[in-house]
Structures are given as C-alpha cells and as structure tokens.
There are 2 protein chains.
Amino acid sequence: MIESLKNHILRFVNPSKKEIEDFLNIIELENIPAKHYILKEGHYCNYNHFIVKGCFRSFFINKKGIEKTINFGIEDWWLTDFDSFMNRTQTQLNIQATEDAIVLKVSKTKLDTILQNSLEINKYFRIILERVRIADQRRIQYMFNLSGEELYNTFYEYNPEFVQRIPQYMLASYLGFTPEFLSKIRAKKHL
Amino acid sequence: MIESLKNHILRFVNPSKKEIEDFLNIIELENIPAKHYILKEGHYCNYNHFIVKGCFRSFFINKKGIEKTINFGIEDWWLTDFDSFMNRTQTQLNIQATEDAIVLKVSKTKLDTILQNSLEINKYFRIILERVRIADQRRIQYMFNLSGEELYNTFYEYNPEFVQRIPQYMLASYLGFTPEFLSKIRAKKHL
DNA sequence: AGAAAAACTTAATCTAGATTAAGAAATAAA
DNA sequence: TTTATTTCTTAATCTAGATTAAGTTTTTCT
C-alpha cells in the first residue's frame with residue numbers, strides 16, 4: 001500500500017534510505033467508503049492525503065445552497081485544503097470519496113518535523129506544488145478562454161476514462177455550469 | 001535592491017549565511033521600463049522573476065485576438081510561467097510591466113544547482129508555492145461563486161490601492177469580463 | 001501647447017447558459 | 001423484484017454579461 005507513495009516520491013527525488021523511511025513512518029493508512037468525507041466544512045484540515053486508490057471531489061456550498069466542485073483527486077494525487085492546513089483556519093471545503101477509496105494521510109505536525117530537516121522531502125513537495133501550479137494556471141486559462149461546450153470537449157479529450165468514473169452533475173459543476181447544460185451539450189454531440 | 005529579496009526569504013526560512021549568499025549570488029538585477037516585456041509568447045521562459053518594484057501582468061491572446069489577463073504581480077511576488085520554466089516548452093504567455101519596474105531574476109539552470117543542495121531555499125520555494133496554491137484555489141472558488149459585480153466589489157475591498165494602479169480594462173480582463181461591463185458596474189456604484 | 005494615442009463611458013441589441021419544472025432512467029436498497 | 005433514491009433529460013422561459021458602435025475623457029508624446 002505504502003509502496004505506491006514510495007514509488008511516487010522516487011519518481012521525483014532521490015532520498016537516502018533513512019530519509020524516506022523517516023517520512024513513511026509518519027504516514028497513516030485509512031480506508032474511506034464511497035460518499036464518506038475526509039474533510040467537512042467548519043472543521044480544521046489537519047491532514048494532507050495521498051490517494052492510493054479511489055476518487056475524491058472537493059466542493060463547497062455556495063449561498064444558494066448549491067454544491068460547487070472545485071477539484072477532483074485520483075490515484076497518486078495529494079489532496080488537502082492548504083488554506084486550512086497551513087493557516088490553521090476552519091475550512092470552507094468538503095472533501096468526499098466518490099467511490100471506495102484508500103488514502104495515506106500525514107498530519108500537519110508530523111509533516112512539519114520531517115520538513116524541518118529533510119532536503120529531499122522538501123524538494124518532493126516543492127516539485128509537486130510546481131506541477132499543481134501549472135495545472136491551476138492552465139485551468140484558469142481554460143475557464144477564461146473556452147465556452148462551456150469547449151470546456152467539456154477538452155476535458156473529455158484529455159480524460160475520457162475519468163468522465164465515466166463520476167456522475168455528470170459533478171463534472172458539470174467542476175467545469176462551471178449546470179447539469180442541464182451538460183445534458184444539452186451531450187445531446188448535441190450524439191446526433 | 002537585493003535586500004528586498006533577502007528580507008523576503010528571511011521572513012519564511014532561516015538559511016545559514018553561506019546558504020543565502022550562494023543563492024543571492026546567482027541573482028541578476030534588471031530594470032524594466034513600463035510596457036516592456038519580460039516574456040513573450042512563443043519564447044522559452046528561462047527565468048523566475050522577483051519583483052522589487054513595479055507591477056506586471058501576465059496575459060495570453062485568445063482565438064478572437066483578445067488579451068486575457070490571468071495574473072498580476074507586484075512587489076515581493078515571484079513571476080514566471082512555470083509550465084515553460086519547468087518543462088522547457090514554448091510559452092503561450094506574455095508578461096509585461098504595467099509601470100517602470102525593477103526585478104531580480106534567476107535562471108532555471110542556476111536555480112537548479114542551488115535547489116540541488118540547499119534545504120532552506122527549497123523550503124522557501126515550497127512555502128511560496130503553498131501560498132500561491134491557496135491564492136489560486138481562492139480565485140477559482142470566487143470565479144465560480146460570484147457574479148461579475150461581486151467579483152469586482154470583492155477585489156476592490158481587498159485591493160483598493162491596487163485598483164488605482166492599473167487600467168480598468170486590465171482589471172476587467174483579470175476578473176473575467178469586458179471593460180464595458182466594468183464601466184456599467186462602476187456607473188451603478190456611483191449613484 | 002497641441003496632436004495622437006490610449007483609456008473610459010453609454011446605450012442598443014444579442015446570446016450562452018441559468019432557472020424552473022416535470023418526467024424518464026438508472027442504481028441501490030430492502 | 002419491487003420500492004426508493006439518485007441521476008439524467010427535455011423544453012420553455014429568463015438574465016447576466018457580450019458585442020457593436022460611437023462619442024468622450026485622459027494620458028502620452030513631440
């Protein structure tokens with residue numbers, strides 16, 4: 001189980017045996033059944049989660065009471081609310097498993113002790129965050145540049161298997177429009 | 001000049017004298033007159049820029065030929081196109097000074113040699129990127145949740161002085177709507 | 001100071017996507 | 001294998017913001 005995280009780390013950096021063992025020692029394994037939450041609005045986000053298996057969505061509830069999905073996470077992704085995690089504030093986010101899942105989680109306090117001294121683990125998270133930044137920027141760029149229909153087509157093109165994996169209304173929300181509109185787009189595509 | 005970067009680093013991490021000197025030694029100073037570019041579409045982004053003074057915007061040109069501002073940067077911010085910087089790809093972005101500016105820039109190759117060995121500089125950039133991630137997530141959340149008018153009011157509330165500093169059409173573009181619509185919002189506010 | 005360029009405003013018209021509502025399919029649960 | 005719950009579709013109506021176009025104000029340059 002923990003091998004998948006180890007492999008992920010070794011794809012990016014070259015820690016010593018001790019360095020990686022120290023890190024892996026603070027990791028906790030958790031099974032999350034579908035629909036269960038690993039973070040709920042109003043709570044403090046004390047963990048960063050590495051997804052071994054399964055799929056999650058993070059969403060918040062807007063003033064009209066509608067759920068807005070702002071991110072998905074699948075295998076080999078880290079998932080947390082950095083704002084709450086770093087600044088020790090109450091989160092506005094919910095993070096929910098969309099299918100049965102397995103995560104490796106690390107608490108803020110334990111992670112901090114590792115990051116205090118480990119060059120390679122710092123590198124690892126720096127590199128992960130650089131990649132996240134690229135993805136975020138690309139997403140913002142797409143949101144500005146593309147119509148709803150184009151957003152869907154682009155997403156489908158790059159993530160065809162993932163589209164099957166989640167309910168349509170979640171994808172609609174992630175792309176920034178209503179499920180009704182997504183239905184309309186799909187109807188148009190099929191004839 | 002380089003003091004401002006030094007101070008910024010010391011706000012987040014505690015490098016040894018040698019560690020910070022080694023880093024500062026690879027930094028180059030550059031003056032950028034208003035309207036000049038530090039990055040142009042189609043080029044390779046070989047530098048990360050720390051803004052000592054002035055203001056920049058990064059934008060791309062969409063298919064309709066319209067400039068879309070996706071970020072601003074002011075004093076004490078790092079500015080680059082990470083996608084191009086990390087992946088050595090041609091950038092789609094333009095980064096332009098909106099006023100006379102001074103930057104400290106560091107090349108990818110030199111930065112890499114520092115990041116190879118320096119714990120504290122890795123920490124520094126990791127922390128910066130965590131903060132950037134928080135800002136990006138918040139921005140995405142706002143874009144989904146708020147109407148154009150609310151986006152403007154929120155931005156104005158948190159950055160009143162900055163609104164004066166840039167042309168309105170750039171702000172409109174950054175917020176995701178047209179300058180005409182921003183004019184309408186402002187007209188409504190004033191009576 | 002005067003001309004040119006850049007930035008901003010106003011108003012009429014148009015459209016992508018939201019909203020509302022009701023029914024149909026598909027999944028899950030009992 | 002029936003019932004309940006969740007998800008998806010269709011269609012009519014509505015609206016925030018885009019587009020177009022023309023005029024005005026402000027800034028920059030010579």
Side-chain angles (χ1 to χ4, degrees), chain A residues 33-37 55 57 59 61-69 72 94 96-100 142-156 162-191, chain B residues 33-37 54-55 57 59 61-69 72 94 96-101 142-156 162-191:
Chain A
K35 311 228 170 172
H36 282 227
Y37 289 80
C55 177
R57 64 161 177 156
F59 66 94
I61 297 172
N62 76 4
K63 334 168 198 146
K64 292 176 194 151
I66 293 171
E67 293 178 359
K68 294 284 185 178
T69 297
F72 291 112
N94 301 281
Q96 185 190 35
T98 66
E99 50 187 73
D100 291 345
Y142 280 157
M143 281 174 60
F144 275 137
N145 203 19
L146 303 182
S147 68
E149 188 166 0
E150 291 168 325
L151 280 173
Y152 175 74
N153 290 335
T154 305
F155 189 89
Y156 191 94
F162 184 69
V163 172
Q164 317 303 335
R165 206 166 157 181
I166 45 156
Q168 270 181 47
Y169 73 90
M170 284 184 196
L171 179 56
S173 175
Y174 175 77
L175 295 175
F177 46 75
T178 58
E180 291 84 356
F181 185 63
L182 180 48
S183 249
K184 211 149 115 184
I185 291 170
R186 286 170 53 90
K188 197 194 286 186
K189 283 200 91 173
H190 295 145
L191 50 121
Chain B
K35 311 229 170 167
H36 283 227
Y37 289 80
C55 177
R57 64 162 176 154
F59 66 93
I61 298 172
N62 75 7
K63 332 167 201 152
K64 290 175 195 151
I66 293 170
E67 293 178 0
K68 294 285 184 176
T69 297
F72 290 112
N94 301 280
Q96 185 191 35
T98 67
E99 50 188 73
D100 292 344
Y142 280 156
M143 281 173 62
F144 275 138
N145 202 21
L146 303 182
S147 69
E149 187 165 0
E150 290 168 325
L151 280 172
Y152 174 74
N153 290 335
T154 305
F155 189 90
Y156 191 95
F162 184 69
V163 172
Q164 318 304 333
R165 205 166 157 180
I166 45 154
Q168 270 182 48
Y169 74 90
M170 283 184 198
L171 179 56
S173 175
Y174 175 77
L175 294 175
F177 46 74
T178 60
E180 290 85 356
F181 185 63
L182 180 48
S183 247
K184 210 149 118 183
I185 291 169
R186 286 170 54 90
K188 196 195 286 188
K189 283 200 92 172
H190 295 147
L191 48 123

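Order of the sequence lines fixes the chain letters, A, B, ..., with proteins taken first and strands second; residue numbering starts at 1 for each chain.
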Under the rule for salt bridge (charged side-chain N to carboxylate O under 4.0 Å, His left out), what residues qualify as partners of A:Glu180, not counting sequence neighbours?
none
Of residues 142-154 of chain A, the positions that come close to DNA chain D - non-hydrogen atoms, cut-off under 4.0 Å
none
When rounded to the nearest 0.5 Å, the distance separating NZ of A:Lys184 from CZ of A:Phe177 is 11.5 Å
Going by number, which of residues 175-182 of chain B have a non-hydrogen atom under 4.0 Å from DNA chain C?
B:Glu180
CD (B:Gln168) and CG (B:Leu175) are apart, to the nearest 0.5 Å, by 11.0 Å
Value rounded to 0.5 Å, distance of OG1 in B:Thr154 from CG in B:Leu146
5.0 Å
Test item: A:Phe59 and A:Lys68 side chains (from C-beta on) under 4.5 Å apart, heavy atoms
no
Quick one: does A:Glu149's side chain get under 4.5 Å of A:Tyr152's, heavy atoms only?
no
Can you tell me how far apart CD (A:Gln164) and OH (A:Tyr156) are? Round to the nearest 0.5 Å.
5.0 Å
For the residue pair B:Asp100 and B:Ala34, what are the closest heavy atoms and their distance?
OD1-N, 2.7 Å
Using the 3.5 Å cut-off, write out each protein N or O paired with an N or O of nucleotides 5-8 of chain C and the distance between them.
{"unit_1": "C:dA7", "atom_1": "OP2", "unit_2": "B:Tyr169", "atom_2": "OH", "d": "3.2"}
{"unit_1": "C:dC8", "atom_1": "OP1", "unit_2": "B:Gln168", "atom_2": "N", "d": "3.0"}
{"unit_1": "C:dC8", "atom_1": "OP2", "unit_2": "B:Gln168", "atom_2": "N", "d": "2.9"}
{"unit_1": "C:dC8", "atom_1": "OP2", "unit_2": "B:Tyr169", "atom_2": "N", "d": "3.2"}

One pair to check against side chain to side chain contact (heavy atoms under 4.5 Å, CB included): B:Asn62 and B:Lys64. What are the steps and the verdict?
CA-CA 5 Å; B:Asn62 75 7; B:Lys64 290 175 195 151; 3.6 Å; yes
Close side-chain approach of A:Glu67 and A:Arg57, heavy atoms under 4.5 Å:
yes
Taking the side chain as every heavy atom from C-beta outward, state whether B:Phe144 and A:Met143 have any pair of such atoms under 4.5 Å apart.
yes
Nucleotides 27-30 of chain C: which of its N/O atoms have a protein N/O under 3.5 Å away?
none

Side-chain touch B:Phe155/B:Leu151, heavy atoms, less than 4.5 angstrom:
no
Quick check against the 3.5 Å criterion: does B:Ser173 have a side-chain atom that pairs as donor or acceptor with the backbone of B:Thr69?
yes
On a heavy-atom basis, the closest approach of B:Cys55 and B:Ala101 is N-CB, 4.5 Å
Take the angle between the ring planes of B:Phe162 and B:Phe72 and call it parallel below 30°, perpendicular above 60°, tilted in between.
perpendicular
Chain A on DNA chain D: first and last contacting nucleotide, 5' to 3', under 4.0 Å to a heavy atom?
D:dT7 to D:dT10
